[in-house]
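Chain identifiers are assigned alphabetically (A, B, ...) following the order of the sequence lines, protein sequences preceding nucleic acid strands; residue numbering begins at 1 within each chain.
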Protein chains: 2
Amino acid sequence: MLEAKLWDNPCPFTFRINYLALLYNTPLYGWISDEYGLKRPEYVVLYSLALADGGSARDVSRTSGFPKNTLSRAITQLEKLGLIKPRSKAPGGRRTQALYLSDKGWALIHETRPTFEAQEKRMLKALSEGERQMLFELMSKVVREAHSWADELPFEAINENEEG
Amino acid sequence: MLEAKLWDNPCPFTFRINYLALLYNTPLYGWISDEYGLKRPEYVVLYSLALADGGSARDVSRTSGFPKNTLSRAITQLEKLGLIKPRSKAPGGRRTQALYLSDKGWALIHETRPTFEAQEKRMLKALSEGERQMLFELMSKVVREAHSWADELPFEAINENEEG
DNA sequence: TCAGTCAAGTTCTATTTGGAACTCGAACCT
DNA sequence: AGGTTCGAGTTCCAAATAGAACTTGACTGA
């Protein structure tokens, strides 16, 4: 069945995307869970803040796909674990809370992120450096145009060819 | 935060993969759920069988990442809905059940799959035909080598550079 | 042929998830 | 300023999910 999904699939690109995401995420988040007792949404918040400290729950939701209530719970838990700074002393009132990693949170990121990086590197070992750059360019191009297709489904398009 | 995750991420490839998977899957499976009352694992089984009729629950699990009990439930439900053929008359005994779409199941696939295809096409509109082919090649290359990295995590590698 | 092993599928149950309604502070408008 | 709208975050709860134990058919080897 894997062969059919790879080579006989009307959606070869999105299948590859989903399949690679699966092979990448499953072991890594399983490891995070076993080793650090953090669920995926919790670690996602940490990872997100490590890239954009001071971001809000809404930012994480928008960029990760988790609904805001799931993240609300995750953030409460991270605060309880001392992995992010307490929110009470947030400067601008209460709405749109800026979240910051604590030292402990940073330590955890520095300890775990290399494994994520190494796994990504391993995934791309099949490619030469030039190929990796090309792949990065192409994926970036697709992502940059995401706004044009991500909002609604192509219902009107399904019965016509709009491009050759 | 999106900018940081795109351009400042130590895992730029897997972030793009996850992000695109998110933008692709969410609206499509939401539509399937609203319009046809099928949950994601249920539709995944149908889609899988449309590509490899006669496949087993285990095949679907391996290629989709859903655990086998989730698929067991999905398959029971699909059988109840008449979207796959009844399993009782499976030829080779009871273990490793070969699953087959019913006419109704095929009809549903023919009705819905074009939207998935159209959405993939829209995603890739940012690319020229040559770029699409290149992207396909590169992704295929990565997938083909998946066996070499998908099984275990790179714990030994995180403190050394194994390739420049 | 029969015992032993293995793995596909099922069931049970606790955990996790996410939709919906709600709260509440901030921005906006007149 | 007062009233209205907006949306970020929380809470509640039903639904979905996945781990673990179990069942059962098939393959193995003597």
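Put simply, the side chain of A/Gln77 never gets that close to the backbone of A/Glu42: no donor and acceptor are under 3.5 Å apart. Side chain of A/Lys121 to backbone of A/Phe116: no donor-acceptor contact under 3.5 angstrom is found. At distances below 3.5 Å, at least one donor-acceptor pair connects side-chain atoms of B/Thr63 with backbone N or O atoms of B/Asp59. A donor-acceptor pair is defined here as one N or O able to donate and one able to accept, closer than 3.5 Å; such a pair exists between the side chain of A/Glu120 and the backbone of B/Thr14.
With hydrogens and angles left out, the side-chain atoms of B/Lys39 and B/Ser33 include no donor and acceptor closer than 3.5 Å.
Between B/Gln97 atom CD and C/dT10 atom C1' there is a gap of 10 Å when expressed in whole angstrom units. Atom pair A/Leu99:CG and D/dA8:P shows a separation of 13 Å (rounding to whole Å applied). If you measure from atom OH of B/Tyr29 to atom C1' of C/dG18, you get 18 Å, rounded to the nearest angstrom. In this structure, CZ of A/Arg87 is placed 15 Å from C1' of C/dG25, rounded to the nearest angstrom. Rounded to a whole Å, the CG atom of B/Asp34 is 15 Å from the C1' atom of C/dA20. Taking atom CD1 of residue A/Ile75 and atom P of nucleotide D/dT10, one finds them 7 Å apart after rounding to whole Å. Distance CZ (A/Arg58) to P (D/dT10): 15 Å, rounded to an integer number of Å. As a whole-Å value, the separation of A/Asp59 CG from D/dG7 P is 15 Å.
Not less than 6.0 angstrom separates the ring centroid of A/Tyr19 from the ring centroid of A/Tyr24. Taking the six-membered ring for Trp and the full ring otherwise, B/Phe15 and A/Tyr47 have centroids separated by 6.0 Å or more.
A cation-pi arrangement is found for B/Arg16 relative to B/Trp7, the charged atom lying closer than 6.0 Å to the ring centre and inside a 45° cone about the ring normal.
Contact check, B/Ser72 against C/dT10: a side-chain N or O comes under 4.0 Å of OP1 or OP2.
If you find the closest nucleotide of DNA chain C to A/Lys68 and to B/Ala57, the one lying nearer the 5' end belongs to B/Ala57.
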- [ ] Take A/Leu38 and A/Leu83 through the side-chain contact (heavy atoms from CB on, under 4.5 Å) test and state the conclusion after the steps.
- [x] CA-CA 11 Å; A/Leu38 294 177; A/Leu83 293 167; 4.1 Å; yes
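Backbone-only engagement by B/Ser56 is indicated by non-hydrogen atom pairs under 4.0 Å involving sugar-phosphate atoms exclusively.
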Open item on the list: I'd like to compare against my own output: the B/S/- annotation of nucleotides 13-18 of chain D with a strict under-4.0 Å heavy-atom distance to protein.
Closed with: ---SBB
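Comparing the local axis fitted to the first five base pairs of the helix from C/dT1-D/dA30 to C/dT30-D/dA1 with the one fitted to its last five gives a bend of 40°, rounded to 10°.
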